[in-house]
Structure formats: C-alpha cells, structure tokens
Amino acid sequence: MKFFAYLVFSLGIFTSLEAVSISSVTHLGRPHLRVITQSATYLYDPVAGGFSSIIDQHGQDWVAYKDQPWGEYPAAAASSYRGVPNLVFRSEDDGAGHPGHQKCKSQVIDGTKIVTESLSGKWTWNWTFTERYARLEVTKVDPEHPYWFLYEGPAGGAYLPRQTYWGSNQGGPNFSRYDHYRGSVRRDHFQWMYFGSAGSKASFFMAMTELDQHPDHYSLLGNTASGIDSPDGMVVAGFGRTEGATPLLREPAVFYIGIYPRAIKRPKQHRRLGRFISRIF
C-alpha cells in the first residue's frame, strides 16, 4: 500500500489513501509536531509557530532550518534565517512564526489543525493540513505592528543558485538570479509564487487568497560576502515585504503552501500549476 501511495504521488495524482497525521517528535533536540500528508512531511516548532522542515516525498528538505550560526548576516542564510512563515519581525513579538524562537504556544485540534498564539496574546493563527497543501489563517494581528509571510529555504533541498527557478501568477518558469546581498531584488505584486531546482522532482508553492497592493519580494541570499555565489544560502520570498526588510501586512489573511509533485520546466507546466493553485482557492 505504501509503495502504491508513493507511485500515485510520483505520477502527480493526489489521493486520500492515507489521512493526515500529527504526532509529537523530537527534532533539533527539542519538541516538534510532525505532520505527515500525502504530499509532504512538515516539522512544526510549536513554541516558535513556524516550520523547521518541509520534506518532499523524495526526502528533500525545502526549509532545512538550523540553530547555528544564529542571527549572523549573511551566514545565517544557511541556518537560522530559514523558516516558514516567519510572520513577525521586530516588536516585542519578534520571531513569532519563525522556527528557533520561543514566542508562542500551540495545540493540535481535530487531528488536522494546529492553532498557535503568541505569548503576548496579540497574534493568533492556525494551520489546517490536507494531502495536497497546508492552509494558514492569520486570525488576530497586533494593530501596532505589520507582518509578512515568508518562505526562506533552499529550493529543491540544496542551495544551487544557477539551477534555481521560480515563477508567479505573472509568468514562469525563469532562472533570473537576484542577489539579495548586493541589493538585487525582484519586487512586484504576486498572488502566488513557486520555486524549484533543475535537479528536483517537485516544486514548492506559496499563495495568498487576495491579491493586494503591497509589494512582494523574491531574491537569493548567499551565506558569505560572495553573495549569490556563496557555497550555501536560501531563497527569500515574501508577501508584503518591501525595502529595508519592512513588513506591510496589517489585516487577517489566508495563505497556502505545499509541495507540488512535479518540477516546472516549461510554460505548459507553469499553467498547469496555476490551475492547481486556483482550484485550492
């Protein structure tokens, strides 16, 4: 049965052969919640409110958060900067939603949902999991501090900037390389984005239900002063992020993430992924 489930996944067919399961595990030397779905395994840091790992069916970790080095720019692009959704930046709740921080508490509801609240009580959100995707609903926002939604991790499980592709509702795939360290960033208004590597067999996507007028962000951040050509690093992709690492989102909102079981190599595949995302909404 497990082989058959893997086979239909590898063919790009989502089924309900196995239900979503959430269990308590130890990861990075501390408690995590492990969410197993048909398309991905998610490792959620419950006192941080964010994902340390999102692992596809081929064993590739699209987040690969590490504790060390901690907070060093740009070295932490290979470690503690990584995570999803990394919601809160600055303020007393700085780090809420980002793995490795201790600003939250979480509980599992009904076997498919994780509800998280900041220790300050100013933020709440919940994740609901299906075989195909995870849905984030930000339900309470600190009115004094905006937030963003970020994916920061190695596309395809490894930092390979010359092989990394990306796309959005505006088109793709493309291999345009924006060097975050040297100030090269693509900003636009995206409703959804996806990322992958020429060597990966899947793609990671992120989406928001409502297209707003806030600038969104895509770039690649290497972990040394060599910039994009560093030995390690990550994709930096965000909804509601503008110059000066400034968050812009102020209202409750709904987002989606997931592992799509195919690489996106041609415009036809891009359009197919776009239709898949539109059906989620």
Side-chain angles (χ1 to χ4, degrees), residues 6 9 18 20-71 75-87 95-104 106 108 112-114 116 125-136 149-160 164 193-197 199-206 220-221 223 232-238 255-261 263:
Y6 174 81
F9 177 88
E18 297 182 2
V20 172
S21 68
I22 303 179
S23 59
S24 298
V25 299
T26 298
H27 178 60
L28 300 171
R30 57 182 177 272
H32 273 66
L33 296 172
R34 181 174 62 190
V35 184
I36 299 177
T37 75
Q38 187 73 31
S39 56
T41 296
Y42 304 83
L43 287 162
Y44 191 77
D45 189 338
V47 299
F51 295 105
S52 300
S53 290
I54 300 176
I55 302 167
D56 67 23
Q57 290 290 327
H58 307 283
Q60 303 304 309
D61 189 345
W62 293 69
V63 177
Y65 167 89
K66 302 172 187 176
D67 288 325
Q68 299 298 329
W70 177 269
S79 57
S80 63
Y81 285 166
R82 296 175 174 182
V84 178
N86 302 354
L87 294 175
H98 195 299
H101 293 260
Q102 299 181 28
K103 296 294 182 72
C104 299
S106 302
V108 178
T112 60
K113 179 180 287 188
I114 298 173
T116 297
W125 58 87
N126 62 74
W127 288 95
T128 303
F129 300 89
T130 75
E131 287 90 348
R132 299 180 300 165
Y133 57 82
R135 178 183 187 272
L136 170 65
F149 180 100
L150 300 184
Y151 164 64
E152 294 182 300
Y159 179 69
L160 300 169
T164 297
M193 291 185 271
Y194 63 82
F195 320 98
S197 170
S200 63
K201 298 179 180 180
S203 304
F204 178 88
F205 67 88
M206 55 189 276
L220 294 167
L221 177 61
N223 69 327
D232 206 347
M234 64 184 188
V235 168
V236 181
F255 306 87
Y256 293 86
I257 62 170
I259 299 292
Y260 183 74

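What you see below is based on every heavy atom in this structure, not just the backbone, and it leaves out hydrogens, waters and symmetry mates.
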| said: Tell me every residue that passes salt bridge (charged side-chain N to carboxylate O under 4.0 Å, His left out) with R135, counting only those two or more places apart in sequence or in another chain. | reply: E137
| task | Indicate whether any N or O donor in one side chain lies under 3.5 Å from an N or O acceptor in the other, for S52 and H32. | result | yes
List for me each residue that meets side chain to side chain donor-acceptor pair (under 3.5 Å) alongside [X], sequence neighbours excluded, and say none if there are none.
| X | result |
| --- | --- |
| S106 | T116 |
| W125 | Y44 |
| D45 | R30 |
| Y65 | D67 |

| Taking the six-membered ring where the residue is Trp, are the ring centres of Y260 and F205 under 6.0 Å apart? | no
Listed by chain and number, what are the side chain to side chain contact (heavy atoms under 4.5 Å, CB included) partners of [X], not counting sequence neighbours?
| X | result |
| --- | --- |
| T164 | A155, Y218, L220, V235 |
| K113 | I109, V115, N126, T128 |
| P31 | none |

| remark: Value for CD (E131) from OG (S39), rounded to nearest 0.5 Å, stands at 8.0 Å
| query | Measuring from W62:CH2 to S203:OG, what's the distance to the nearest 0.5 Å? | reply | 5.5 Å
Kindly write out the residues that satisfy ring pair (Phe, Tyr, Trp, His ring centres under 6.0 Å) with [X], not counting sequence neighbours, or none if the list is empty.
| X | result |
| --- | --- |
| Y42 | F51, F129 |
| F255 | F149 |
| Y81 | none |

Minimum heavy-atom separation for [X] and [Y], please, with both atom names.
| X | Y | result |
| --- | --- | --- |
| M206 | A237 | CE-O, 3.8 Å |
| S200 | A263 | O-CB, 3.5 Å |
| A48 | G100 | CB-N, 3.8 Å |
| P69 | S79 | O-OG, 2.6 Å |
| R82 | M234 | CG-SD, 3.7 Å |
| G97 | P85 | O-CD, 3.3 Å |

Could you tell me whether the side chain of [Y] reaches within less than 4.5 Å of the side chain of [X], counting heavy atoms only?
| X | Y | result |
| --- | --- | --- |
| N86 | P99 | yes |
| V25 | L43 | yes |
| L33 | S24 | yes |

| note | For residues 31-42, the salt bridge (charged side-chain N to carboxylate O under 4.0 Å, His left out) pairs (sequence neighbours left out) are none
Given 3.5 Å as the limit, does a donor-acceptor pair link the side chain of [X] with the main chain of [Y], or not?
| X | Y | answer |
| --- | --- | --- |
| S80 | G71 | yes |
| N223 | D232 | yes |
| E152 | G238 | no |
| S53 | I55 | no |

| Worked verdict on I114 versus V35 for side chain to side chain contact (heavy atoms under 4.5 Å, CB included) | CA-CA 10 Å; I114 298 173; V35 184; 4.0 Å; yes
| said: Go through it in stages, so that I can follow the logic: the residues are I259 and I54, the test is side chain to side chain contact (heavy atoms under 4.5 Å, CB included), and I'd like the CA-CA distance, side-chain angles, deciding distance and then a yes or no. | reply: CA-CA 8 Å; I259 299 292; I54 300 176; 4.1 Å; yes
